[in-house]
Amino acid sequence: MSEIPGQLKFTRDHEWVREHDDGTVEVGITDHAQTALGDLVFIELPDTGGSFTAHDACCVVESVKAASDVYCPLAGTIVNTNEILIEKPELVNDDPYGEGWLFRLRPDLPGELEGLLDDKNYERLLAEDNE
Amino acid sequence: MEPLIFQLGKKGRTAGAHLLEGVGEMELPNNALRDKLPLLPEVSELDVVRHYTRLSQKNFSIDTHFYPLGSCTMKYNPRACNTFAMLAGFRDRHPLAPEMVSQGFMKCMFELQEMLKAVTGMSAVSLTPMAGAQGELAGVTMIRAYHLDHGDDTRTEIIVPDAAHGTNPATAKMCGCSVRELPTQPDGDVDLVALEALVGPKTAGIMLTNPSTLGVFERNIKAIQEIVHGAGGLLYYDGANLNAILGKVLPGDMGFDVIHINLHKTFSTPHGGGGPGSGAVGVGDTLKPYLPVPFIARQGSNYVWEDSSVHSKSIGRLSAFMGNAGVLLRAYVYMRLLGESGMSRVANYATLNANYLMEKLKSVGFDLAFPSRRASHEFVLTLKRQAKESGVTAMDFSKALLDEGFHAPTAYFPLLIPECLLIEPTETESKETLDQFIAAMAKILEETQRDPQAIKDAPVSTPVRRLDEVRAARQLNVRYSYQDHEGLGEIEDPRSL
Amino acid sequence: MPFIPHTESDTQAMLRDIGVENIEELFDEIPSEFHCLGLKGIPKALTEFQLARLMRERSAKDQIKLSFMGAGAYEHHIPAAVWEIATRGEYYSAYTPYQAEASQGTLQVIYEYQTMIASLTGLDVSNASLYDGASALAEAILMAVRINRKSRSKRVLIPKTVHPFYVDVVGSITRNQGIKIVQLPYDNETGQVSLSALDAYSHEDITAIVIPQTNVFGVLEEVHTITQWAVDHDVLAIALVNPVALGLLKPPGEWGPDGVAIACGEGQPLGIPLSSGGPYFGFLSCREAFVRQLPGRLVGRTTDLEGTQGFTLTLQAREQHIRRSRATSNICTNQGLMVTAATIYMSLLGPRGLRRVAEHCHVKTRDLVSVMNGIDGVDEVFTGKRFHEAVLRLPVSVEAVLNVLSEWGILGGVPLSSWYPELGEALLVCATETKSDDDLKIYGQALRAAIDQVSEA
């Protein structure tokens with residue numbers, strides 16, 4: 001069973017979102033996603049300053065056999081990216097909810113975050129997918 | 001382990017028979033010249049011959065192993081094709097040699113154009129594309145040129161089945177088109193309802209392989225043709241699987257407007273460890289004006305080159321000269337050796353071998369991806385059940401086959417089928433070889449139940465065990481350097497030779 | 001049946017096992033309206049012996065005595081061992097090394113090749129090869145456009161001193177991606193890129209520039225100056241180079257202040273026969289920072305699960321079979337067999353041997369030009385320093401002279417009138433290490449006689 005921390009929000013595409021006090025959010029992929037993808041060998045991060053709407057592909061995570069899009073969970077502007085991942089993509093595998101975060105986003109629409117899944121709902125989604 | 005050729009070297013050693021004498025002073029400015037010589041091996045001729053002979057022995061190849069790599073048509077490459085293409089007059093012919101001293105070569109190429117027209121049912125052929133993917137590029141570029149020429153700049157969508165080769169969508173993108181993906185039905189044919197919904201005023205065309213990459217013949221080809229043509233689009237035939245219908249069905253008769261032919265598959269030119277390929281294109285009358293140049297025409301008893309000075313609407317050149325001429329000569333030799341009767345039998349025996357293998361593998365316990373269908377020249381197995389039950393994957397199975405002395409089939413393609421193997425025996429394999437392969441497959445299947453770990457540990461008999469691909473990507477090492485090896489170093493003063 | 005081993009009893013046994021009456025039944029899913037009746041237009045089969053005779057006759061027709069043609073395809077001596085080894089079945093009839101454990105031979109050859117090309121060009125990374133020099137240039141340009149994100153224009157400067165066929169190919173391959181080719185004129189006196197024309201683009205948004213060394217006239221360009229210009233104006237520099245010349249000339253990785261970003265070119269001079277223009281191979285190398293934008297295959301060194309060194313295809317997620325419509329290119333093939341031959345060629349020549357070949361090419365062309373200068377009315381057109389080609393102006397029709405020469409079994413060079421009409425009766429000649437001093441004399445006498453014959457006619 002993969003790890004699903006509380007306090008985070010989740011998307012159906014297996015991204016997680018963490019709210020910060022300054023109004024920005026941190027985004028990464030879930031433990032379930034990194035397990036399914038296998039060892040990551042490259043992360044193509046978005047440009048800082050880039051703006052996206054929800055569900056836009058904005059980042060690519062590569063394993064040796066696949067390149068998978070990461071979708072922007074919320075509309076907003078990228079304010080920071082986790083540059084260490086360029087040298088150490090394995091952090092996403094080792095610590096998906098911590099050091100393996102991908103980017104920070106300043107959301108455009110205040111209410112949009114509430115529409116994402118909470119940990120219980122995400123867990124249910126994984127259970128359904130497994131069936 | 002065979003060292004790298006650089007590691008075999010010794011400072012100052014040369015293959016003396018290839019070292020020319022010094023030339024004295026040259027009038028070239030110093031800042032245009034190298035300060036240090038490049039990192040090339042310092043070895044004797046015998047070192048070179050031994051090293052590359054030993055390396056060759058680490059390869060599986062058609063000449064040494066059954067090679068049922070689906071979608072790649074690994075048939076026997078007749079030696080005569082190489083010998084005749086390397087005859088001095090062909091081997092040493094300069095690509096820009098005048099026509100009057102090129103009639104021997106040009107006659108062969110003209111006849112090859114004619115023969116390829118005959119086996120595809122197309123009205124003109126250009127031999128210049130250098131591989132299948134470049135043939136695709138030629139085809140889609142011609143489709144775009146056609147629409148633009150007819151004043152229609154809105155047709156920029158290419159429809160590609162979800163089972164297609166990766167080159168199809170990549171090619172569409174290179175031609176400035178967007179890709180619309182066409183779903184496949186459970187029986188392996190494309191979804192016609194979805195196709196109806198996809199076509200429209202933006203449709204440039206559709207790229208299809210028939211038989212498809214799923215190893216089945218697309219039965220609704222006529223309906224597909226009517227829908228796409230009806231919407232103003234054109235039909236592209238990806239010739240990857242032409243071996244399945246050679247001598248049986250002409251792509252032109254199925255309504256295709258343009259086709260590329262992988263000569264290295266259907267016409268048995270060597271795969272060479274990953275190339276050269278050759279991807280001649282054929283077109284119907286609609287696209288004839290746009291064919292890539294140059295090609296060969298006949299004037300009386302002479303053969304002449306034609307280029308864009310004659311064909312002003314051509315999409316232009318795709319290679320510096322005329323494509324992989326030496327590969328084309330090999331295909332020509334192959335076609336002349338087979339002749340009409342031999343060529344009419346290719347699809348028959350390729351299909352017989354595939355259906356035999358499919359039936360036998362089913363009877364020893366393998367699951368077919370499309371159990372209700374005939375195999376074309378290839379077919380798909382799925383190991384989904386084995387993966388679930390014993391954890392043995394298509395990858396494990398492939399590696400275990402290497403230990404049994406067989407090259408593995410194509411694994412994990414088509415992407416639609418989980419844990420799949422795409423198996424293509426070709427017509428040049430005997431029943432005995434197929435029976436040995438079936439026995440090996442059955443043995444591995446039995447072992448997945450008895451000792452799955454043994455399969456997961458395969459291969460054990462190859463020069464290396466399973467390689468760490470993650471390390472290869474994360475700690476990228478794509479060249480040797482002198483830092484890796486003591487005792488060798490760059491030659492600092494090239495004038496001191 | 002050529003190459004089909006089935007006996008009648010095999011076929012019958014197989015049909016029985018499948019559960020069908022005859023082979024025809026295996027095609028029952030194909031609508032009958034599409035079944036063709038025979039193959040009209042395919043001649044009757046020949047035996048290998050009959051075909052040997054036919055092919056010998058035809059190849060003999062194309063045999064010539066002496067050639068001075070270059071223009072992108074060059075005659076060099078190829079050591080016997082090169083093709084003896086390269087055509088071993090284990091290389092010749094293997095495919096793409098997707099099953100790495102069963103392809104260590106091909107993979108190690110490619111790794112060695114990548115090392116040699118990286119060193120020849122003075123850059124960090126070489127791919128496993130592309131189709132040919134012209135298509136490699138097109139791929140290099142597409143790569144440059146992906147890399148240079150400071151520029152939005154997709155305008156690429158290509159000097160008129162780049163082989164015109166290469167420019168055509170770049171156009172055919174890149175046209176539908178919004179790339180605009182701007183041609184830079186050449187200096188009429190030196191035959192080099194006009195630096196004043198280049199300066200005119202200093203204040204425009206240019207994405208990349210192609211720097212040929214040597215150029216189509218055989219002339220050396222001011223590569224340091226042009227590379228410096230590119231650096232100063234945020235233009236990505238692409239070197240288009242001859243690999244044999246790189247045995248002697250400064251590698252693109254050392255041009256200007258820090259070298260170019262990308263180098264590419266035609267690999268044919270490295271042990272590949274002329275063979276009417278192909279199969280050749282294109283090489284492409286770059287700085288390590290750009291490796292993810294490289295098109296085509298790449299081989300990496302790694303270890304197996306027991307720690308033994310081995311080789312595998314790597315960074316495959318750039319490629320079409322994984323990234324599909326978002327791949328760096330649609331290319332699948334690398335010219336594996338040609339790369340095998342070229343790697344053997346470079347190993348046999350070694351660093352000294354390759355340099356000597358380059359020196360001989362240079363000197364033979366110098367000597368050829370001095371022979372030609374002795375003929376009345378024949379002049380060298382350009383003053384720029386050359387490598388192994390030169391442009392001569394003749395006092396009479398080049399075409400007529402070449403016709404006379406080819407009747408005598410001599411290919412006198414490549415006429416430039418259709419590519420560069422402004423040069424008048426211009427002929428591009430090339431002499432490589434394969435030419436003896438006698439060959440040069442023979443050609444000199446023949447050219448004199450041919451000119452006389454044409455002017456009398």
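In what follows, chains carry the letters A, B, and so on, assigned in the order in which the sequence lines appear, proteins first and then strands, with residues in each chain numbered from 1.
For chain C, the option among B/Ala133, B/Ala80, B/Gly273, B/Ala320 with the highest count of heavy-atom pairs below 4.5 Å is B/Gly273. If you tally non-hydrogen atom pairs under 4.5 Å between each of B/Glu114, B/Met254, B/Gln475, B/Lys75 and chain C, the highest count goes to B/Met254. Note: B/Pro276 leads B/Ala118, B/Pro276, B/Gly132, B/Gly176 in heavy-atom pairs under 4.5 Å with chain C. With chain C as the partner, the residue from B/Phe60, B/Tyr52, B/Phe321 showing the most heavy-atom pairs under 4.5 Å is B/Tyr52.
Both the backbone and the side chain of B/Phe105 come within less than 4.5 Å of a heavy atom of chain C. Of the two parts of B/Gln134, the backbone and the side chain both hold a non-hydrogen atom closer than 4.5 Å to a non-hydrogen atom of chain C. Heavy atoms closer than 4.5 Å to chain C are found in both the backbone and the side chain of B/Met115. Interface remark: B/Val119 contributes backbone and side-chain atoms alike to the contact with chain C (heavy atom separation under 4.5 Å). Proximity to chain C is limited to the side chain of B/His407, based on heavy atoms less than 4.5 angstrom apart. The contact between B/Leu402 and chain C is made entirely by side chain atoms (from C-beta outward), counting heavy-atom distances below 4.5 Å.
C/Asp132 places a side-chain N or O within donor-acceptor distance of the main-chain N or O of C/Ser135, the cut-off being under 3.5 Å. For B/Asp63 (side chain) and C/Glu90 (main-chain N/O), no donor-acceptor pair under 3.5 Å exists by modelled atom type.
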Which is it for C/Gln108 and B/Lys58 under the side-chain hydrogen bond (donor to acceptor under 3.5 Å, both in side chains) test, yes or no, and what are the steps along the way?
CA-CA 10 Å; C/Gln108 185 168 334; B/Lys58 292 171 181 249; 5.2 Å; no
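No more than 12 heavy atoms of other residues, nucleotides or ligands shown are found within 6.0 angstrom of CZ on C/Arg326. No more than 12 heavy atoms of other residues, nucleotides or ligands lie within 6.0 Å of CZ in C/Arg56, so this atom counts as exposed by the packing criterion.
Exactly one residue among C/Arg323, C/Arg324, C/Glu319 makes a side-chain contact (heavy atoms from CB on, under 4.5 Å) with C/His321. That residue is C/Glu319.
Contact of the C/Asn334 side chain with the C/Tyr131 side chain is not registered, since no non-hydrogen atoms from C-beta on lie closer than 4.5 Å.
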